[in-house]
Number of protein chains: 2
Amino acid sequence: MDGKVINLKSKLEVYKAISGGGNIANCPVREVIQGVSGKWRSLLMMALAEKPYRFGELRRLVPDISQRMLTQTLYDLQRDGYVHREVFPTKPPSVEYSLTDLGRSMFGAFHQLILWAELNHDAVRAARADFDASQA
Amino acid sequence: MDGKVINLKSKLEVYKAISGGGNIANCPVREVIQGVSGKWRSLLMMALAEKPYRFGELRRLVPDISQRMLTQTLYDLQRDGYVHREVFPTKPPSVEYSLTDLGRSMFGAFHQLILWAELNHDAVRAARADFDASQA
DNA sequence: GAGTGGCAGTCTCAAAAAGAGACCAGCACT
DNA sequence: AGTGCTGGTCTCTTTTTGAGACTGCCACTC
C-alpha cells in the first residue's frame, strides 16, 4: 500500500480481459493461464526449456509423475502448441519432445515468475508458517 | 530452435531448483508456482490487483465461482501471504480483501505472463484448432 | 411482528481430475 | 528363454472441484 507500488498499465483493463465482459467462456487470458496451471505443466515446460527430452528421460527426471499424467500433460502441451513431438523410427521407436517457438516465447514470460519464486519463496514459506501458527 | 532464442540465464539451474535435487518436497519454485496454479487464484489476484474487494463483490465480479471455492481460494491466498483479510465491525460485518506487498510483488512477475497471454492467445487458439483438426 | 434481502460464510453431496500401478507389443542383448 | 528398454494404454482409487442448500445476524419494509 505504500512501499513498492508496481507499475501496471491499466490493471482494470487486464481484469476486463479476463472476465471477458461477463462471458467467461471466451476469456483469452484465463484460457492461457489455465494452460500453465496444470500441476505438471510448468515443471515440464521448465525441463524442456533446458533441452529436448525423450519420454523416458522426462519420466526419470520427474520421478513423482505418473506415466498417465506425463502422457496427458505432454499431449495437452502439444495441443496448445507449446511442445513439438517427434517420433524417430529407431528399433525401439523413440519420441522426442521439444519446445516450439511459441513454447519458448511463453516460457520467456513465465520465466519472470520463476525468478520471482526463487527470490521470494522464503517469504511465502514464512507467511504460511506464521499463518498456520496464528490459527493454532 | 532458430528464430527468437530467449536469453535465459542457466535454465538448467532453474530446473535443478524445481526438481530439488531429487527431493521434490522442498522444491521452492514448484511450491510457489502451485500457488498461482489454482483455477481461481490467478483470477482473484488480478481482481485484487486492481483494488481491494469485499467478499460479496468478488462473488459478483466472478459469477461462475462457487462460494465454497471463493472462500477456499481467498483462504489459501491469505495463508500464502499474498492477500490481507480485514474484518470491519459494521452491523452486518463486512470483510475486505486486499493484496499485501508480497502479493503485489508476485503479481508484478505474474503480470508478464498476463501480457503474453493477451498478445498470443490467438496463436494458442489456432494451435489448438490445428491440432484438433489433424487428429480428426 | 412477519417477511425480504444483504452480509459472509459453512455443509453436504455429486462430478471431474489426478495418482498408482498393472498391462501391452516390439526389439536387443545375454 | 529371460530380462530390460522403448512409449505408451487401461483400470481403479483418492483427491480436488463444483453446485447449491443452509446458517445467523441485522436492517428495512409492510
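Just so it is clear: chains get the letters A, B, ... in the order the sequence lines come, proteins before strands, and each one is counted from 1. What you see is a predicted model; the values in this text were computed from it and never measured. Computed over heavy atoms, backbone and side chain alike; hydrogens, waters and symmetry mates excluded.
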| Rounded to whole angstrom units, what separation is found between the CD1 atom of A:Ile65 and the P atom of C:dG21? | 15 Å
| query | Linking I/L/V/M/F/W/Y whenever their side-chain heavy atoms sit closer than 4.5 Å, directly or via other members, would B:Val87 and B:Leu77 fall into one cluster? | reply | yes
| Whole Å only: how far is the CD atom of B:Glu86 from the P atom of C:dG9? | 13 Å
| Would A:Asp64 and A:Arg59 satisfy salt bridge (charged side-chain N to carboxylate O under 4.0 Å, His left out), going step by step from the backbone distance to the final call? | CA-CA 8 Å; A:Asp64 56 344; A:Arg59 195 148 64 91; over 6 Å; no
| Under 4.0 angstrom between B:Trp40 side-chain N/O and D:dT17 OP1 or OP2 | no
| Does B:Glu57 use its side chain to pair, donor to acceptor, with the backbone of B:Arg54 at less than 3.5 Å? | yes
| task | Using atom CD of A:Gln72 as one end and atom P of D:dG8 as the other, report the distance to the nearest whole Å. | result | 13 Å
| field | Contact nearer the 5' end of DNA chain D, comparing A:Arg59 with B:Ser66 | value | A:Arg59
| message | Evaluate B:Arg104 against B:Asp101 for salt bridge (charged side-chain N to carboxylate O under 4.0 Å, His left out), listing each step before the verdict. | response | CA-CA 5 Å; B:Arg104 265 187 295 279; B:Asp101 285 347; 2.8 Å; yes
| query | Phosphate oxygens OP1/OP2 of D:dG8: is one of them under 4.0 Å from a side-chain N or O of A:Arg85? | reply | yes
| query | So what does B:Arg68 touch, heavy atoms closer than 4.0 Å: a base, only the sugar-phosphate, or nothing? | reply | base
| task | Check every atom of D:dT11, C:dT10, C:dA8 against the side chain of B:Thr71 and return the nucleotide holding the closest atom. | result | C:dT10
| request: For B:Phe88, report the nucleic acid contact type (base, sugar-phosphate, nothing); a contact means any heavy atom under 4.0 Å. | output: nothing
| request: Starting at atom CG of A:Leu70, determine the distance to atom C1' of C:dG19, rounded to an integer number of angstrom. | output: 13 Å
| remark: Atom CG of B:Asp76 and atom C1' of D:dT16 are separated, to the nearest Å, by 12 Å
| Between A:Lys39 and D:dT16, does any side-chain N or O lie under 4.0 Å from OP1 or OP2? | no
| query | Can you tell me how far P of C:dC7 sits from OH of B:Tyr53, to the nearest Å? | reply | 15 Å
| query | Can you check whether B:Tyr97 and B:Tyr75 have ring centres sitting under 6.0 Å from each other? | reply | no
| note | Of A:Gln67 and B:Arg60, the one whose nearest nucleotide on DNA chain C sits closer to the 5' end is B:Arg60
| task | Looking only at side-chain atoms of A:Pro92, point me to the closest of D:dT6, C:dA18, C:dC7. | result | D:dT6
| message | Without decimals, in angstroms, what is the distance between B:Asp64 CG and D:dT17 P? | response | 15 Å
| field | B:Val95 side chain, from C-beta outward: closest of D:dG18, C:dA8, D:dG8 | value | C:dA8
| message | Any base atoms under 4.0 Å from A:Tyr75, or only sugar-phosphate, or nothing? Heavy atoms, all strands. | response | nothing
| request: Send over the distance from B:Met69 CE to C:dC11 C1', rounded to a whole Å. | output: 13 Å
